[in-house]
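Right, one structure below, let's go through it.
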Amino acid sequence: MTRKIVIRRIFSALLSISGIHALLERVYLSECAFVLMYHRVLSSVEQVPYHVQSGMFVTAATFEKQISYLRDRFEIIFLDELVAKVKNGERIGRYCALTFDDGWGDNYSEAFPLIKKYNIPVTIFLPTGFVGTQRMFWPEEISPSLACLYDGSLTAFQAPPSFARFVGEIGGLKRRDLETFIEGSIEVLKMKSQQDREEILSHFRGCTGSESPPRQILNWEESREMVQSGLVRFGAHTVNHELLDQLPLQMARNEVNLSCREIEQHLKQKVTTFAYP
């Protein structure tokens with residue numbers, strides 16, 4: 001447990017004991033709606049064969065506690081229903097919407113049973129080019145390579161200039177722990193141009209040549225089952241999970257429009273929401 005989490009829990013306990021927390025809750029919940037954005041729900045992060053960024057998951061036990069808490073205090077509705085209330089000028093106090101980005105397979109295996117148990121609606125944003133495939137998002141794909149870079153078993157020898165520059169930029173992170181090194185390196189890569197990032201990722205792939213783990217993202221059959229439950233709606237999340245502000249305008253439009261069409265084609269459900277990666 002990090003120092004930040006310990007301090008946060010101590011502060012929360014003091015607020016609860018003093019009664020301030022209950023007072024703030026009554027005031028804020030009367031006027032506000034909340035949207036919670038999840039990514040992954042894992043039974044055990046130790047069983048995942050690559051680095052999982054700390055802000056990208058909750059455990060199944062934590063997720064169950066959270067939705068139980070939310071159900072007692074809010075009316076949980078679909079995101080598009082909340083948007084409609086805002087557009088119509090309706091009061092939105094004590095409403096809540098839950099969303100998931102990326103369509104991870106554990107949304108089906110871990111989260112969906114709890115969604116059905118508590119009968120709560122959720123919206124999942126799908127990057128359609130990954131659905132039913134073994135494709136991985138690049139932060140997870142290169143995390144083993146970054147670990148090799150951290151311990152010195154992978155070097156910048158015979159690398160393109162963009163890779164050598166990247167290694168120089170993250171050199172200071174090697175003085176930190178492995179998790180901080182990987183997290184910081186991913187953030188540096190996100191800020192690169194698309195061309196430089198692709199060169200760096202290509203060099204990583206050429207050095208390691210590691211095989212992809214089993215399918216990580218939902219397939220269409222699982223998605224259809226979730227839709228048929230009446231508790232899950234799917235929104236678009238582009239086709240290839242690109243950083244849209246780094247793409248030419250027409251390419252960005254294609255990423256958005258095609259992802260909407262593919263979801264509607266496969267799930268026979270009108271797409272009314274979109275989340276950018």
Side-chain angles (χ1 to χ4, degrees), residues 24-41 55-56 58 63-104 106-108 111-131 217-218 220 222-239 241-245 249 252-277:
L24 291 173
E25 185 178 86
R26 285 196 297 273
V27 172
Y28 281 105
L29 299 191
S30 64
E31 299 295 334
C32 296
F34 291 85
V35 179
L36 277 70
M37 182 185 72
Y38 293 91
H39 284 81
R40 309 195 63 178
V41 177
M56 296 287 286
V58 294
F63 182 62
E64 182 166 15
K65 289 178 182 177
Q66 290 175 353
I67 59 177
S68 177
Y69 176 90
L70 293 167
R71 195 182 64 162
D72 290 342
R73 288 162 175 79
F74 295 91
E75 181 177 349
I76 303 176
I77 61 177
F78 286 111
L79 179 62
D80 55 0
E81 294 175 348
L82 179 58
V83 171
K85 287 183 178 294
V86 173
K87 286 184 175 180
N88 294 333
E90 300 176 35
R91 294 182 66 88
I92 57 171
R94 292 191 176 274
Y95 283 101
C96 180
L98 306 185
T99 72
F100 285 84
D101 275 12
D102 299 341
W104 291 92
D106 50 71
N107 293 178
Y108 176 81
F112 189 41
L114 295 171
I115 289 166
K116 291 188 290 185
K117 177 180 177 180
Y118 288 90
N119 196 41
I120 59 166
V122 304
T123 302
I124 299 176
F125 293 104
L126 280 179
T128 54
F130 290 77
V131 176
I217 306 300
L218 293 168
W220 292 117
E222 293 163 341
S223 302
R224 276 191 285 271
E225 181 183 340
M226 297 172 90
V227 168
Q228 290 164 3
S229 73
L231 294 172
V232 179
R233 293 178 184 173
F234 285 91
H237 198 46
T238 73
V239 177
H241 206 260
E242 298 283 1
L243 298 174
L244 293 181
D245 60 347
L249 180 58
R253 284 175 172 161
N254 292 340
E255 284 282 328
V256 176
N257 293 332
L258 181 56
S259 63
C260 291
R261 290 200 301 270
E262 289 182 334
I263 292 172
E264 292 178 348
Q265 175 187 347
H266 285 279
L267 301 182
K268 310 304 179 186
Q269 172 204 291
K270 181 68 176 175
V271 174
T272 60
T273 53
F274 173 82
Y276 60 85

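- Smallest separation of non-hydrogen atoms from L70 and C96: CD2-SG, 4.2 Å.
- Applying the side-chain contact (heavy atoms from CB on, under 4.5 Å) criterion to E64, with sequence neighbours excluded, gives L114, K117, Y118.
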* **Intermediate values then yes/no, side chain to side chain contact (heavy atoms under 4.5 Å, CB included), E225 and Y108** => CA-CA 9 Å; E225 181 183 340; Y108 176 81; 2.7 Å; yes
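- For V271, the side-chain contact (heavy atoms from CB on, under 4.5 Å) partners at least two apart in sequence or on another chain are A236, C260, I263, E264.
- Residues satisfying the side-chain contact (heavy atoms from CB on, under 4.5 Å) criterion with Q269, sequence neighbours excluded, are V227, R233, F234, L267.
- Annotation: the span from L126 atom CG to H241 atom NE2 amounts to 11.0 Å, rounded to 0.5 Å.
- Under the salt bridge (Lys or Arg N to Asp or Glu O under 4.0 Å) criterion, K65 pairs with no residue, sequence neighbours left out.
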* Between T273 and T99, does a side chain to side chain contact (heavy atoms under 4.5 Å, CB included) hold up when you go through it step by step? -> CA-CA 11 Å; T273 53; T99 72; over 6 Å; no
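- With rounding to the nearest 0.5 angstrom, the CD atom of E242 is 12.0 Å from the CG atom of N254.
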For residues 32-40, please give each side-chain donor-acceptor pair under 3.5 Å, one per line with the distance, not counting sequence neighbours.
from	atom 1	to	atom 2	distance (Å)
Y38	OH	Q66	OE1	2.6
R40	NE	D106	OD2	2.8
R40	NH1	Y50	OH	3.2
R40	NH2	D106	OD2	2.8

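- Between the OH atom in Y276 and the OG1 atom in T238 there is a gap of 13.0 Å [rounded to 0.5 Å].
- A pairwise comparison of heavy atoms in G103 and I124 identifies CA-CG2, 3.8 Å as the closest pair.
- With sequence neighbours left out, the side-chain contact (heavy atoms from CB on, under 4.5 Å) criterion links N119 to L231.
- Two residues are said to be in side-chain contact when any heavy atoms from C-beta on lie closer than 4.5 Å; F78 and T272 fail this criterion.
- Distance CG/L218 to OG1/T128: 12.5 Å, rounded to 0.5 Å.
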* To do: With side chain to side chain contact (heavy atoms under 4.5 Å, CB included) as the test, would you mind laying out the steps for V131 and E262 before giving the verdict?
  => CA-CA 10 Å; V131 176; E262 289 182 334; over 6 Å; no
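- At distances below 3.5 Å, not a single donor-acceptor pair connects side-chain atoms of E31 with backbone N or O atoms of G93.
- Closest non-hydrogen pair, P127 versus D102, comes out as CD-O, 3.3 Å.
- Interatomic distance, CG of L98 versus CD1 of I120, reported as 5.0 Å (0.5 Å rounding).
- Looking at heavy atoms from C-beta onward, I217 lies in side-chain contact with W104 at the 4.5 angstrom threshold.
- No donor-acceptor pair closer than 3.5 Å links the side chain of R94 to the backbone N or O of E75.
- With hydrogens and angles ignored, the 3.5 Å screen pairs a side-chain donor or acceptor of R224 with a backbone N or O of H266.
- Here the CG atom belonging to L82 is positioned 9.5 Å from the OH atom belonging to Y95, to the nearest 0.5 angstrom.
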